[in-house]
Amino acid sequence: MTTKNELSFLHRFVPASEPGRPPLLLLHGTGGNEDDLLPLGRMISPGSALVSPRGKVLEGGMPRFFRRLAEGVFDEEDVRLRANELADFIADLREVYELPAPIAVGFSNGANIAAAVLQLRPEALAGAALFRAMVPLKDAPSADLTSKPVLITSGTSDPIIPAENAKQLAAQLQADGAIVQHHMLPTGHGLSQADVTLAKAWIEKL
Ligand code: MLT
């Protein structure tokens, strides 16, 4: 039996204040930390339990969830290793905090690792809200994502993520059986009020 101190990621845990709300796994972007997305989690699903780990990979001192070779060019061996490590952490935290499988809520690099977890360890997550996500693995294995809800929001003027790439991710997850909602928003890489509004409405219908 894993104990809280043995959990393998530095993280914040906020217990649920409303029973029945889905637990959220909050995954920050490059240079973020475990505090970043707590306000977002509270906004999109008030009363949910929140678990927010800090990425273990450092790029020039900035925490991330996997290594990249350049912007948008990923070290896919590391993506695989880190996605499995995160899925193991999820299994352990569920035991420690007595939670059902969480919904991942990821921004940018956090959204990309969440997409990789869906493709490599689908059992780890009940679904995912992916803000500014891109394809994490060129040759992802096909996963059984039957009926898993996935929300993807992309920015039409995002300088980091080409719209086509985000559409490809949506298509891959849909082909694996996920129920994908993909929204292209008139914005850039940063989060906007529209992301929050869409995610809140999406979670309420789960
Ligand atoms: C990534 O590295 O995951 C993406 O390029 C997004 C980012 O974190 O900048």
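Atoms within each ligand, like the ligands themselves, are counted from 1 in listed order.
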Any idea how H11 and Y97 line up, ring-wise: parallel (<30°), tilted (30 to 60°), or perpendicular (>60°)?
perpendicular

Could you check atom 4 (C) of ligand 1 against the protein and tell me its nearest heavy-atom contact, residue, atom and distance included?
N112 ND2, 3.5 Å

Measure N109 to ligand 1 on non-hydrogen atoms and call it side chain, backbone, both or neither using the 4.0 Å cut-off.
both

Cationic N near anionic O, under 4.0 Å, E123 to R121
yes

Mind jotting down which residue pairs meet the salt bridge (Lys or Arg N to Asp or Glu O under 4.0 Å) criterion with at least one end in residues 95-120? Sequence neighbours excluded, please.
none

Starting from atom 6 (C) of ligand 1, locate the nearest protein heavy atom and write down its residue, its atom name and how far away it is, to 0.1 Å.
S108 OG, 3.1 Å

Walk me through whether S154 and H182 qualify under side chain to side chain donor-acceptor pair (under 3.5 Å).
CA-CA 8 Å; S154 308; H182 185 196; 2.8 Å; yes

Just jot down the side chain to side chain donor-acceptor pair (under 3.5 Å) partners of E34, sequence neighbours excluded, or say none.
R54

Using non-hydrogen atoms of the residue, decide whether F66 is closer than 4.0 angstrom to ligand 1.
yes

Could you tell me the residue and atom name of the protein heavy atom closest to atom 8 (O) of ligand 1, and the distance to it rounded to 0.1 Å?
T30 OG1, 2.6 Å

Assess R64 against F66: is NZ or CZ under 6.0 Å from the centre of the six-membered ring, and within 45 degrees of the ring's axis?
yes

At less than 4.0 angstrom from any non-hydrogen atom of G72, what atoms of ligand 1 do you find?
5 (O)

re atom 9 (O) of ligand 1, the protein heavy-atom contact at minimum distance is R68 NH1, 3.1 Å

For R64, state whether at least one heavy atom is located under 4.0 Å from any atom of ligand 1.
yes

